[in-house]
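Right, one structure below, let's go through it.
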Amino acid sequence: MHFRYPEILYFLFLLVIPIIVHLFQLRRFKKEYFTNVQFLKNLVVQTRKSSQLKKWLLLITRMLLLAALIIAFAQPFSAAKDTSNTNNSLYIILDNSFSMQAKGEKGELLKRSVEDILQEIPENQTFSLLTNDGNYWDTDITSMQKDLQQISYSNNSFDLETQIGKINTKNSIAGKDIIVITDGIGLKSKDVDATNKGLLTHFIIPKSQKTSNVSIDSVYISDIQDSFYDIAVDVNAYGKNDGNLSIALYNNDKLVAKTLLQFDKSKVTVPFKIAKADFHGYVQIEDNALEYDNTYYFSIASPKKTSVISIGEDDLSGFLKRIYTSEEFDYQNSTIQKLDYSLLQNQDVIVLNELSEIPEALQTNLKAFCAEGGIVIVIPSKSMSSENGSSLLSKFGNYQFLKYTEQEKKVSTIAFDNPLFKGVFEKKVDNFEYPSTNGSFEIRSSAISALKYVDQSSFLAVVPHKAGKVYVFSAPINKKNSNFQNSPLIVPTFFNMAQANANAAITAIKIGSEQSFSAITSLGKDAVLKVENKDESFIPMQKVFNKKVTLSFANNPSVSGNYQVMNKSEKVALISFNYNRSESDLSNIDNNLLDKLKTTENIDSILSTIKSDRTDNSFWKWFIALCFLFLLTEIAIQKFIK
């Protein structure tokens, strides 16, 4: 036991006062018998014995009362268990990812956690609150009440290691108490390791009542017909899902189709058919688990013709005209002598078809064209010098045409995984009728080969350059030098090369991803594109080219949905955004990891434990109570003992 004012204990010498009084009362008197009545004599002896007992009891009681009073003023106490962390700062890490939408015994986990914070944090308590997408430093519950009530779900997954890193950047002399409120989904060992580095961390793990959930994972075009798109919707089922769910397709909030889902496996694909036109809508399911992954927004732009110009002799360009038909392409051919350079910037694809010489001015134009997202296809001529060809390729990197060799070579390898041949073959084929060439250049490069010869040298190389691509053949493909024009490969190869940088038919971008989008439009000076819908509007990062603008979105928008890309009042493109589905699996919890954590039921228990461990236990109130007890004892002695 310790005393806050030990000097007051010197007043214990006052205990001699009741002793002196008692001794004074016990002093002896001379006995004088004035009568010889025996009865009265015995009565006096009995009374004297009782009086002495009463005086001794009063002495003890008064001494104890005075001692208790003096000790109470000295304020005795016992030291706190944890004296080193008395002045710690409090940090609350609140997981507001979409998995906290799950329902527990008292409602949605996030909303219940916010209510607990509002109810259990004392008004005079200073703390800092960190969520997945926001930080509130050194605040109190009165200042935070409105912000807490407005906390919404975040597309960002819970990353405890990052949150601990933010707290550690706060330079403070005092220590840190951390309360982590999370459902534990996606929690990793590195997160727990981060909390074990000298930090006092308490976990509150709210539990959802069930772990089953159904999520729309993706939407894509499975087939393109003359007037229709075949749409495929992939739906994932997590946990046990009994019964059937309905799934509906909407275009501009108008119901297009509806069907039932039957889960005989964890992933099912639902087909829909829609008209080949602008589509700006979503697919939706209804389940009793998470809501955020029940809707998937997507947009489809109506097909636009691709502009293609080939530069070369007319008699060599007949096969291109047959491939690039008027239904899907705006195709034209020009000789190098009659080429109008002003036409190039309005093209999507430029084909150099066996030019004997490529002028320097054209090379410069092609470099700028490709940098802005254009597609360049180079078919060399036998009469082209390797120096001239190398001059062109050097504009796009460390690539060279080496000498031309008259030697028959057969194409033997197709890069089936290359985007150029994606969806062309149902399966990899071994007995394909491959084309061959009678003469070819050797290409020195580190470019990816889409088609290779038997000797593994490149027949068709893919050279990415900034926003565009360059496709380089190593040999002339006229009918004298090659049978490639008669090969079944020629149509998908040239068709897909022309469409390589065209916008994907379905636009559905994950919020927070690095995926970009190209809007076909021309911007005036100081003009910018804006992305908006009826609820939200923002200006994305943008890179401007001659006839298109590439948009990057970072963490915008904040809410999933269908949006429009606007150039002032003109609608340029349709675009859709969706939340990341990483929180959909409610069973993604490492229970072995949770067992290693210091968990508590609620905030109040944590704060009470912290307070009791770091607060001295004062006993002065107990001694005051003893004073009253001794006082009552003295009164009782005076009243009942004669």
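Start at 1 with the first residue, then count along the sequence. The basis for the numbers below is simple: all heavy atoms, side chains too, and nothing from hydrogens, waters or symmetry mates. Keep in mind it's a predicted model, so treat the numbers as computed, not measured.
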Are any of the side-chain heavy atoms of [X] and [Y] separated by less than 4.5 Å?
| X | Y | answer |
| --- | --- | --- |
| Gln262 | Val268 | no |
| Thr259 | Val270 | yes |
| Gln209 | Glu105 | yes |
| Val214 | Ile285 | yes |
| Leu489 | Leu451 | yes |
| Ile274 | Leu249 | yes |
| Tyr238 | Leu586 | no |
| Leu320 | Val351 | yes |

Aromatic rings [X] and [Y]: how do their planes relate, parallel, tilted or perpendicular, breaks at 30° and 60°?
| X | Y | answer |
| --- | --- | --- |
| Phe98 | Tyr292 | parallel |
| Tyr250 | Tyr282 | parallel |
| Tyr331 | Tyr324 | tilted |

Determine whether more than 12 heavy atoms belonging to other residues, nucleotides or ligands lie under 6.0 Å from atom [atom1] of [X].
| X | atom1 | value |
| --- | --- | --- |
| Lys395 | NZ | yes |
| Lys103 | NZ | yes |
| Ile448 | CD1 | no |
| Lys258 | NZ | no |

For residues [X] and [Y], is any side-chain donor paired with an opposing acceptor at under 3.5 Å?
| X | Y | answer |
| --- | --- | --- |
| Asn294 | Asp287 | yes |
| Ser99 | Asp183 | yes |
| Thr507 | Ser299 | no |
| Glu536 | Ser558 | yes |
| Asp314 | Asn333 | yes |
| Asn353 | Ser310 | no |
| Glu354 | Asn478 | yes |
| Asp133 | Asn96 | yes |
| Lys409 | Ser457 | yes |
| Asp230 | Ser222 | no |
| Ser582 | Ser157 | yes |
| Ser587 | Thr211 | no |
| Thr306 | Gln499 | yes |
| Ser154 | Asn132 | no |
| Thr269 | Asp234 | yes |
| Ser215 | Asn236 | no |

Please determine whether side-chain contact (heavy atoms from CB on, under 4.5 Å) holds for the pair Ser440 and Tyr453, giving the CA-CA distance in whole Å, both sets of side-chain angles, and the decisive distance to 0.1 Å. CA-CA 11 Å; Ser440 61; Tyr453 287 114; 3.6 Å; yes

Write down the atom of [X], the atom of [Y], and the distance for their closest heavy-atom approach.
| X | Y | value |
| --- | --- | --- |
| Leu109 | Lys207 | CD2-O, 3.5 Å |
| Ser449 | Ala415 | O-CB, 3.6 Å |
| Ile575 | His280 | O-CE1, 3.6 Å |
| Gln347 | Phe369 | O-CE1, 3.1 Å |
| Pro540 | Gln542 | O-NE2, 2.9 Å |
| Val349 | Ala498 | CG2-O, 3.4 Å |

What's the spacing between [X] [atom1] and [Y] [atom2] if we round to 0.5 Å?
| X | Y | atom1 | atom2 | value |
| --- | --- | --- | --- | --- |
| Asn155 | Ile511 | CG | CD1 | 5.0 Å |
| Thr493 | Ile377 | OG1 | CD1 | 10.0 Å |
| Asn562 | Asn578 | CG | CG | 8.5 Å |
| Leu362 | Lys367 | CG | NZ | 14.0 Å |
| Ile216 | Phe298 | CD1 | CZ | 9.5 Å |
| Leu110 | Ser152 | CG | OG | 8.5 Å |

Side-chain donor or acceptor of Ser513 paired with backbone N/O of Ile509 under 3.5 Å: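 Side chain of Ser513 to backbone of Ile509, a donor-acceptor pair under 3.5 Å: no, none is there.
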
Keeping the roles fixed (side chain from Ser482, backbone from Lys479), state whether a donor-acceptor pair exists under 3.5 Å.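 Side chain of Ser482 to backbone of Lys479, a donor-acceptor pair under 3.5 Å: no, none is there.
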
Hey, mind stepping through Lys530 and Glu532 against salt bridge (charged side-chain N to carboxylate O under 4.0 Å, His left out) and telling me if it holds? CA-CA 6 Å; Lys530 184 167 62 173; Glu532 64 181 22; 3.7 Å; yes

Under the salt bridge (charged side-chain N to carboxylate O under 4.0 Å, His left out) criterion, do Arg581 and Asp293 qualify, and how do the steps go? CA-CA 7 Å; Arg581 266 44 179 173; Asp293 55 8; 5.7 Å; no

Walk me through whether Val235 and Asp217 qualify under side-chain contact (heavy atoms from CB on, under 4.5 Å). CA-CA 5 Å; Val235 183; Asp217 181 69; over 6 Å; no

Within 45 degrees of the ring normal and closer than 6.0 Å to the centroid, is that where the cationic atom of Lys410 sits relative to Tyr434?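 So Lys410 doesn't make the cation-pi contact.
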
Is the ring centre of Tyr297 less than 6.0 Å from the ring centre of Phe577? no

Can you check whether Phe319 and Phe494 have ring centres sitting under 6.0 Å from each other? yes

Test side-chain hydrogen bond (donor to acceptor under 3.5 Å, both in side chains) on Glu583 and Ser97 and set out the steps. CA-CA 7 Å; Glu583 300 287 320; Ser97 60; 3.2 Å; yes

Take Thr437 and Val411 through the test side-chain contact (heavy atoms from CB on, under 4.5 Å) and record every step on the way to the result. CA-CA 8 Å; Thr437 59; Val411 176; 5.7 Å; no

For a side chain to side chain donor-acceptor pair (under 3.5 Å) with Tyr153, tell me which candidate from Gln101, Glu108, Glu291 qualifies.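 Testing Tyr153 for a side chain to side chain donor-acceptor pair (under 3.5 Å) against Gln101, Glu108, Glu291 leaves exactly one candidate, Glu108.
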
side-chain contact (heavy atoms from CB on, under 4.5 Å) for Thr521 and Val549? Distances and angles first, verdict last. CA-CA 7 Å; Thr521 186; Val549 181; 4.0 Å; yes

